[in-house]
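For reference, the structure is listed below as structure tokens.
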Amino acid sequence: MTRSFWQHRSRPPALTCDVAIVGAGIAGASAAFWLRKARPDWTVALLDAVEPGYGASGRNAGFLLQGIATDYVTDIARYGRATAQQLWHFTLENRELLEKELDPTAFNLQRTGSLIVAGTAAEDERLQRSVAPLRADGVPVAYLPPQEVSSRAQAGGLFGALNVPSGATCDPLKLVRHIIAQSKATVCPHHRVIDLMPQNGSVHLITPHRTVAAGQVLVTTNAAPVPGLVRPQGAIRPVRAQMLATVPLASRVLSCPVYSHEGNYYLRQLSGGEVLVGGARHQHAAAEVGFADETTPPVQEALEAYLHRHFPWAAGVRVQRRWSGTMGFTADRLPIIGSVPDAPGSYWAGGFHGHGMGLAFRFGRLLAALMASDDRPDGASLFRADRPALTAASATVTESAPRS
Ligand SMILES: Cc1cc2nc3c(=O)[nH]c(=O)nc-3n(C[C@H](O)[C@H](O)[C@H](O)COP(=O)(O)OP(=O)(O)OC[C@H]3O[C@@H](n4cnc5c(N)ncnc54)[C@H](O)[C@@H]3O)c2cc1C
């Protein structure tokens, strides 16, 4: 790519700010919001390679679920009881903060509750065993037997479900834009960072437009590498998710979001009648990696097959849109916060493992607290880059630095 004399001469002047956030998805937007609250006098620039919400945050299903995995028994086995409880509480706080700090009508937040539906007898049994510990840990769930699931979701061939009253939905792109508007950050679209250089106590970011000099930097580009940034190779892996949207249905068939088959399928109906369906990547896991922004017939066919297998109302309903997005997966399914070497107070963060809407607003408060003070805020240790579950990951590398 070349740039003309005229384009070069008319480039905007270099930008100087207290904090530069690289990546304007839900994570970067949320951090900008909380930085504004913590340090109203700081100048914050929010840079994106394309525009706010261009990545996964503007392409997801808009589920604001409580919890991380599909059932609590699995969470307890994976993380231990105390951490599982902390994570479920963290996601509840996320939704509560969205309601308290923002205008929920601006992004159509709906307190619908949600259903975690079993696709197998084994999953059904785990959901039933999750009820007692969840209730004991303050989450008032109820188990619904298969016949009740069938009548609530107008479905067939499904097992039982957990009804989680705290589940909610939103318009995810409107949410990102609303958070950014409240943050008062300087938004810089079309600012792809092509080099990141810590220099004498500040960080220089190079973009094709101009350079940005910041006292501190936060990189929230999800799985996308940023040249010059040192982070463990493969810490956040790019994994593709695909979805489709039907034309509007004349009647209401789903009253709340449904998350089924261990989270491998998910669907909701919008107030306009359209049904959104996503998932099926588990059937084609080897192909569904990387950054290619495209849908594939095998996954799209699997989504439609799922819909027709379990939901009779889907017969003959036309699909109006299909799309994909890149999620950031981590080794233990939890997001990561790492330090930028040689840049005190600078961090990289992300890897929500397909649950960023349920986590990131609360997570942004954590990031802002880390950047605005030297204290280790509550909860930060859970997401440390050097936690034991991640140390098996590969060597630390500089991400495809262009400097030569
Ligand atoms: C199809 C799909 C459905 C999903 N459904 C749900 C759901 O219902 N509920 C839920 O909780 N989660 C869901 N998720 C996951 C959720 O969308 C993500 O966890 C979340 O959006 C991640 O946010 P982020 O800010 O970390 O990353 P992103 O939203 O991906 O933002 C990263 C940003 O960085 C920018 N960027 C990249 N490289 C550079 C660079 N070099 N310089 C500058 N900018 C750069 C990108 O343009 C992008 O805007 C879904 C994901 C997908 C793909």
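Each ligand, and each atom within it, is numbered from 1 in the order the structure gives. Hydrogens, waters and symmetry mates play no part in the numbers below; they use all other heavy atoms, side chains included.
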(request) From the options Leu65, Thr169, Asn222, Val193, select the one whose nearest heavy atom is closest to atom 40 (C) of ligand 1. (result) Val193

(message) Applying side-chain contact (heavy atoms from CB on, under 4.5 Å), can you list everything that pairs with Ala360, at least two apart in sequence or on another chain?
(response) Ile26, Phe352

(request) May I ask you to check whether Thr326 has an N/O atom sitting below 3.5 Å from an N/O atom of ligand 1? (result) no

(request) Can you figure out which of Gly53, Pro227, Gly325 has its heavy atom closest to atom 53 (C) of ligand 1? (result) Gly325

(message) Pairs of nitrogen or oxygen atoms closer than 3.5 Å, one from Asp48 and one from ligand 1: do any exist?
(response) yes

(message) I want to confirm something. Looking only at heavy atoms, which of Val226, Thr221, Thr207 is nearest to atom 37 (C) of ligand 1?
(response) Thr221

(message) For Phe90 together with Phe383, are the ring centres under 6.0 Å from each other?
(response) yes

(message) Tell me the nearest of Gly25, Gly354, Ala223 to atom 31 (O) of ligand 1, using heavy-atom distances.
(response) Gly25

(message) Check this for me: Arg81, atom CZ, are more than 12 non-hydrogen atoms of other residues, nucleotides or ligands nearer than 6.0 Å?
(response) yes

(request) For atom CZ of Arg9, decide whether the heavy atoms of other residues, nucleotides or ligands shown that lie under 6.0 angstrom number more than 12. (result) no

(message) Among Gly62, Gly350, Ser57, which one puts a heavy atom closest to atom 22 (C) of ligand 1?
(response) Ser57

(message) Listing request: all ring-ring contact (aromatic ring centres under 6.0 Å, His included) pairs with a residue in residues 269-292, at least two apart in sequence or in separate chains.
(response) Tyr265-His282

(request) Select the closest option to atom 44 (N) of ligand 1 among Pro172, Gly263, Ala49, judged by heavy-atom distance. (result) Ala49

